[in-house]
Amino acid sequence: MTVQSYIYKNLWLQVVISLIVGLGVGLILGDDVGVGLDNDTLDSLSSYLKIPANIFLSVILMIIVPLIFASIVVAIANLGAKEKIKTLGFGIGIYFVITTTIAILVAITLATIIAPGSILDLTALQETHELSEDDLKVTDGFSFDDIPNAVSNIIPRNPIASYLEGQMFSILVMALIVGLSMTVLPKESVQPLLDLLESIQKITLHILLISMKIVPFAVFGLIVGMVAKVGIETMGGLGVYMGTVIAGLGVMLLVYSMILKFVAKRSISATFSKFRNPQTLAFSTASSMATMPVTLKTAEEDLKIDNRVSKFVIPLGTTVNMDGTALYQVIAVFFLAQLFAIELSIISILVIIITSLLASIGTPAVPGAGVIVLSTILITVGIPPVGILLLISVDRILDMIRTMVNVTGDLTASCVFDRITRKVES
Ligand code: ASP
C-alpha cells in the first residue's frame with residue numbers, strides 16, 4: 001500500500017495531519033511567533049476557514065433528532081423479551097450513573113487538591129475580558145422548591161416542540177416510552193413503524209458517514225483560527241485549569257482500563273488499540289453524535305459485541321453517558337468558585353454532584369455543548385455565569401479531549417454489557 005492510499009483510507013491520520021498543519025499555519029498567522037495579522041483580518045479569515053466545520057455541525061444537527069429517536073426505538077423493539085430489556089436497561093442505567101459519579105468524584109478531588117482557580121488573578125482577567133462588577137455578582141442558587149417543577153417536566157408534553165427545539169433528553173424519554181410500548185404490542189401493529197424507523201436510521205447514519213469526509217478540513221480551519229486568535233499567552237494563563245481537566249480525563253481512561261480488565265475481562269492493550277478510530281474521530285469532531293456510526297461499527301466489527309447490545313448501549317450512551325463532560329463541568333465549576341472566592345459548602349457540593357450528573361445526561365452530544373450547559377450548573381450554585389466567557393477561549397481543545405473520553409466510556413460500557421448478556425444467556 002502506498003503512503004497516499006494509506007492516508008486516504010485512514011481518517012484518523014488525515015485528522016492528525018490537518019491538526020499539525022493547522023497548528024503551524026495558526027502560529028504563522030498569529031502574533032506569538034508569526035506575522036501577527038490584525039484582529040479584523042483574522043476574524044474574517046477564520047470565518048471562512050470555519051465553513052467546513054459549520055457545514056459539518058449543521059449536518060449533525062439536521063439528523064441528530066431522527067437518528068437518536070429511531071436508534072433507540074429500534075434497539076428496544078429488537079431486544080424483544082420484556083424481561084431482557086428490564087435487566088439490561090436497569091443494569092445500563094445503574095452502570096452509567098456509577099461511572100459518571102466516579103468521574104465527578106475524580107473531578108472534585110483534583111480540583112480541590114490542585115485548586116486551579118486560586119492561582120489566577122481575577123482583576124487581570126476582569127480587565128482583559130472587560131467584565132463589570134455587575135457581571136460578577138454572586139446570586140442565590142438552586143432551592144429545594146425547584147425540584148417538583150423539574151421532576152414534572154421530565155415527560156415531554158409537546159413532543160413536536162421537543163423535536164423542533166432539539167431537546168435531546170425529552171426525545172430520549174419519548175423514545176423509551178414508544179420503544180417499550182412497542183415490545184408489548186402484537187408484531188403486526190408495530191412492524192410498519194419499525195420498518196420506517198429502521199430505514200430512517202440507515203439513511204441518517206449514511207449521511208453522517210458521507211459527511212465525515214469533510215472532517216479533516218473542519219479540523220484544519222478550527223485549529224488555525226484558535227491558535228492564531230487565542231494565542232499561546234491566554235492558553236498559558238488558563239494552563240493549570242486545562243491541565244487539571246486533562247489530568248482528570250487521563251484518570252478516567254485508567255478507570256476504563258480497569259473496568260475492561262476486571263469487569264469485561266478483556267485485554268486492555270488489545271481493546272484500546274481497537275478504540276483508536278472512534279477516539280480519533282471523537283477528538284477531531286468534538287461530537288460523540290458525529291462519531292456514533294464509527295463507534296457502532298467498531299463495537300460490532302472489531303470488538304465483536306453482540307449486535308443487540310451494541311445497538312442499544314451505543315446510541316443510549318452517546319446521548320446520556322458523558323463522563324468526560326461531567327468531569328470537565330465539575331472542574332470548571334470549582335475553578336470559577338475558587339477564582340471568584342466563593343466558599344462551597346457541603347450542600348453546594350452535593351448540589352453540584354447532582355446537577356452535573358443530570359446536566360451531563362442532558363448535554364447534547366455536539367461540539368461545545370458542555371460549556372453551554374455548564375451555565376445551568378453555575379446558576380444552580382449561584383456562581384456568575386459570565387465566568388463561562390473566561391473558559392470559552394480554551395474550550396475547543398478540552399471539548400476534543402472530553403468527547404474522546406465520552407466515546408471511550410460508551411465503548412467500555414458495551415464491552416461490559418456484552419460480557420454480562422453472554423453470561424446470562426449461557
Ligand atoms: N462535545 C461533547 C460530546 O459530544 C459534549 C460536550 O460538549 O461536552 O460528547
Side-chain angles (χ1 to χ4, degrees), residues 68 71-72 74-76 78-81 83-107 172 176 179 248-279 281-282 288-289 291-327 357 360-361 365 402-426:
I68 277 298
S71 301
I72 291 180
V74 169
I76 299 180
N78 283 342
L79 263 175
E83 277 316 305
K84 218 180 275 168
I85 299 171
K86 253 197 215 152
T87 337
L88 191 62
F90 194 64
I92 291 171
I94 301 225
Y95 174 90
F96 284 164
V97 170
I98 292 178
T99 50
T100 309
T101 310
I102 295 177
I104 293 173
L105 295 180
V106 169
L172 195 76
L176 288 174
L249 294 172
V251 173
M252 279 319 287
L253 292 181
L254 282 179
V255 171
Y256 296 142
S257 313
M258 294 300 111
I259 296 179
L260 281 174
K261 189 167 166 51
F262 296 109
V263 187
K265 306 270 186 225
R266 287 185 183 235
S267 138
I268 300 177
S269 53
T271 317
F272 258 78
S273 72
K274 291 180 182 141
F275 286 177
R276 193 174 57 184
N277 257 330
Q279 280 177 332
L281 203 61
S288 317
M289 185 61 62
T291 314
M292 199 177 90
V294 178
T295 316
L296 253 180
K297 201 163 154 227
T298 302
E300 287 167 9
E301 289 173 14
D302 303 328
L303 299 164
K304 307 276 178 264
I305 307 270
D306 183 334
N307 271 4
R308 291 166 307 165
V309 173
S310 59
K311 289 223 158 57
F312 187 53
V313 175
I314 301 290
L316 191 66
T318 302
T319 340
V320 300
N321 182 41
M322 295 193 192
D323 302 340
T325 301
L327 179 135
L357 186 69
S360 74
I361 293 175
R402 67 181 183 250
T403 307
M404 193 185 88
V405 170
N406 289 344
V407 168
T408 310
D410 299 335
L411 284 163
T412 307
S414 67
C415 293
V416 169
F417 284 92
D418 182 56
R419 172 149 195 277
I420 295 176
T421 14
R422 279 180 210 274
K423 252 184 121 183
V424 171
E425 283 177 351
S426 67

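Only a predicted model underlies this, so the values are computations on that prediction, with no experimental measurement involved. Any value given below was found using the heavy atoms of this structure, including those in side chains, with hydrogens, waters and symmetry copies removed.
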Quiz item: Measuring from Ile92:CD1 to Ile94:CD1, what's the distance to the nearest 0.5 Å?
Solution: 11.5 Å

Self-check item: Nearest non-hydrogen partners of Thr318 and Ala365, listed with the distance
Solution: O-CB, 3.5 Å

Practice problem: Using side-chain hydrogen bond (donor to acceptor under 3.5 Å, both in side chains) as the criterion, list what pairs up with Ser360, not counting sequence neighbours. | Solution: none

Quiz item: From Leu327 CG over to Arg402 CZ, what is the distance, rounded to the nearest 0.5 angstrom?
Solution: 10.5 Å

Quiz item: What's the spacing between Phe275 CZ and Met404 CE if we round to 0.5 Å?
Solution: 11.0 Å

Quiz item: Heavy atoms, side chains only, cut-off 4.5 Å: are Leu357 and Ile104 in contact?
Solution: yes

Self-check item: Straight-line distance of Ile314 CD1 to Leu296 CG, nearest 0.5 Å
Solution: 6.0 Å

Atom pairs and distances, side-chain donor-acceptor, residues 248-257, under 3.5 Å, sequence neighbours left out:
{"residue": "Tyr256", "atom": "OH", "partner": "Asp323", "partner atom": "OD2", "Å": "2.5"}
{"residue": "Ser257", "atom": "OG", "partner": "Leu253", "partner atom": "O", "Å": "2.8"}

Quiz item: Are side-chain heavy atoms of Asn321 and Asn406 found at a separation under 4.5 Å?
Solution: no

Practice problem: Could you tell me which residues satisfy side-chain hydrogen bond (donor to acceptor under 3.5 Å, both in side chains) with Thr412, sequence neighbours excluded, listed by chain and number? | Solution: none

Quiz item: Taking all atoms of both residues into account, what is the closest heavy-atom pair of Phe96 and Gly317, and its distance?
Solution: CZ-CA, 3.7 Å

Self-check item: Sequence-distant partners of Thr403, side-chain hydrogen bond (donor to acceptor under 3.5 Å, both in side chains), two or more places apart
Solution: Asp399

Practice problem: Look up atom CG in Leu411 and atom CD1 in Ile305, then write down how far apart they are to the nearest 0.5 Å. | Solution: 8.0 Å

Exercise. Answer yes or no: is there a side-chain heavy-atom contact under 4.5 Å between Thr100 and Met322?
Key: no

Quiz item: To the nearest 0.5 Å, how far apart are OG in Ser71 and NZ in Lys311?
Solution: 9.5 Å

Would you be so kind as to tabulate the donor-acceptor pairs closer than 3.5 Å made by side chains of residues 258-268, with sequence neighbours excluded?
{"residue": "Lys265", "atom": "NZ", "partner": "Phe262", "partner atom": "O", "Å": "3.3"}
{"residue": "Arg266", "atom": "NH1", "partner": "Leu303", "partner atom": "O", "Å": "3.1"}
{"residue": "Arg266", "atom": "NH2", "partner": "Leu303", "partner atom": "O", "Å": "3.2"}
{"residue": "Arg266", "atom": "NH2", "partner": "Asp418", "partner atom": "OD2", "Å": "3.3"}
{"residue": "Ser267", "atom": "OG", "partner": "Ala270", "partner atom": "N", "Å": "3.1"}

Exercise. Not counting sequence neighbours, which residues clear side-chain hydrogen bond (donor to acceptor under 3.5 Å, both in side chains) with Thr408? List them please.
Key: Gln279

Quiz item: Does Phe417 have any ring pair (Phe, Tyr, Trp, His ring centres under 6.0 Å) partners at least two apart in sequence or in another chain, and if so, which?
Solution: Tyr95

